[in-house]
Participant: 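Quick one: structure below, then a few questions.
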Amino acid sequence: MVCKIKKGVAAREIKGRYYVVLPKEMKLVKLNKTGSFIFGLLSARVPEKLIPQKLAARYKVSPACAGRDLAEFIRELKKAGVLS
Amino acid sequence: MREKELAEITEADLIPAWAMLELTHRCNFKCSHCYVVKEKIKELSSAEVKDVLDQLAAAGCLFLAFTGGELFLRKDVFELLAYAVKKRFVVTVLTNAFLLDAAAARKLKALRIHEVSTSLYSLKAGVFDKVTGVAGSFTKVMGALRALKKAGVRVRIKTPLMTVNYAEEKSLAAFAKKNGFSVLFDPVLSPKNDGSVKNTGQKIKAGVLEEVVQRHCGGWSFSDKYPERNVLCSAGKNFAAVSPSGEVLPCLQLPLSAGTLREKSFNEIWKNSPVLKKIRGLKLSALKECAGCKNIRYCNRCPGLALLENGSLYGKSVSACEIAAVRSGCCNG
Ligand code: SF4
């Protein structure tokens, strides 16, 4: 599965956190540290399947746990219209 | 409310999260109240504008408004807007809308422009055309508003209230509401960017100003805790502006060049400009007239207007004083 940030989604990394405008609600949200890390990887077009590994290394969790967190994060952002 | 939090963080850290980019000073209208001083300048090329956008994004800018002059006079405008959307800015377009037809409106929607902001001076063709100095402009702009609405583009109407149109505020507000547009009224006319006031002849006079300001009685939020916030602003702190020739300004209303992007990077100018350092260092205690003013809690002083009206960044702003006095009277019975 290829997961991409949708065209026209406004976002900026400011002081280590991503601020993203949710397109459906036109609402500005601030991602938490982990979310910002994942969003940064998605912005840099890192393939989704490589992200759990990077998450696990960064936050010293098991790849399985990182995979679950990633799946949850992606589900939320898809629902909000941020990811395709 | 994330925008407020973002404003506080970026103001403290001097990150230009908000910016305005003037693409041109050329215009197809001749508005009587226009503040732009038209000089012969070499506008930034498409490639230069894109480079500015890259630099603004890298500096942390998220909210970007494109303005002019009339930006749709530039042939590359859609290319530049598309680039800005690709760079993930929240893009707002400030236009007189004269050149926007149905195809342009659909393009703006497809580009996912956040909002189009346009001035609607009147619902009467004669009044509108008199303000713009262009016969037929009312018909064209109303057509553009219909096209934008049909295309599903968010629209904001901005109306400077002047002697010729203040009486229309209610009907303009009703028009905006009926069409799902947001609306903003402003009784302040800025002098021209060279300080000349020849464009302020339509400014509403004292008795009428009271009537206009009182319509909004109670709708203001001022800081009692931080009164300096009422008389200073975020220009040059978390707000930047860029002129058509690449001058970096603290704000379009504060036309003091901090440096030119044709000579230095945005980052270098933003970090080291003495002009920006001076503006960032302004303190309430240095504003002698304002520091002791009894109306400070009702004031919306703009440092740029103070400079243009009185020639001093440290002085009062006559238009802010007039409005603050009315608000004070209004709130204190
Ligand atoms: S009302 Fe005038 S003098 Fe008082 S704070 Fe505002 S600008 Fe300054």
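In what follows, chains carry the letters A, B, and so on, assigned in the order in which the sequence lines appear, proteins first and then strands, with residues in each chain numbered from 1.
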Participant: Could you tell me which portion of Val9(A) (side chain, backbone, both or neither) has an atom closer than 4.5 angstrom to a non-hydrogen atom of chain B?
Facilitator: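 Both parts, backbone and side chain.
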
Participant: NE2 of His114(B) to CE of Met26(A): how many Å apart, nearest 0.5 Å?
Facilitator: 5.0 Å

Participant: Pick one of side chain, backbone, both or neither for Ala82(B), based on which atoms fall under 4.5 Å of a heavy atom in chain A.
Facilitator: neither

Participant: Rounded to the nearest 0.5 Å, what separation is found between the CG atom of Asp13(B) and the NZ atom of Lys15(A)?
Facilitator: 3.5 Å

Participant: Taking side chain as everything from C-beta outward and backbone as N, CA, C, O, which of these in Ala84(B) sits under 4.5 Å from a heavy atom of chain A? Side chain, backbone, both or neither.
Facilitator: neither

Participant: Strictly distance-based, threshold 3.5 Å: is any side-chain N or O of Arg88(B) a donor or acceptor partner for the main-chain N or O of Arg12(A)?
Facilitator: no

Participant: Non-hydrogen atoms of chain A under 4.5 Å away: do they reach the side chain of Leu62(B), the backbone, both or neither?
Facilitator: both

Participant: Between Leu28(A) and chain B, which part of the residue has a heavy atom less than 4.5 Å away: side chain, backbone, both or neither?
Facilitator: both

Participant: Using side-chain contact (heavy atoms from CB on, under 4.5 Å), reason through Ile9(B) and Tyr19(A) one step at a time and then give a plain yes or no.
Facilitator: CA-CA 12 Å; Ile9(B) 292 170; Tyr19(A) 288 81; 3.2 Å; yes

Participant: In Å, rounded to the nearest 0.5 Å, how long is the span from NZ of Lys30(A) to CD of Glu3(B)?
Facilitator: 14.0 Å

Participant: Could you tell me whether Lys50(B) atom NZ has more than 12 heavy atoms of other residues or ligands within 6.0 Å of it?
Facilitator: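 Counting other residues, nucleotides and ligands, NZ of Lys50(B) exceeds 12 neighbours.
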
Participant: With a 4.5 angstrom heavy-atom cut-off, could you sort out which part of Val29(A) is near chain B: side chain, backbone, both or neither?
Facilitator: backbone

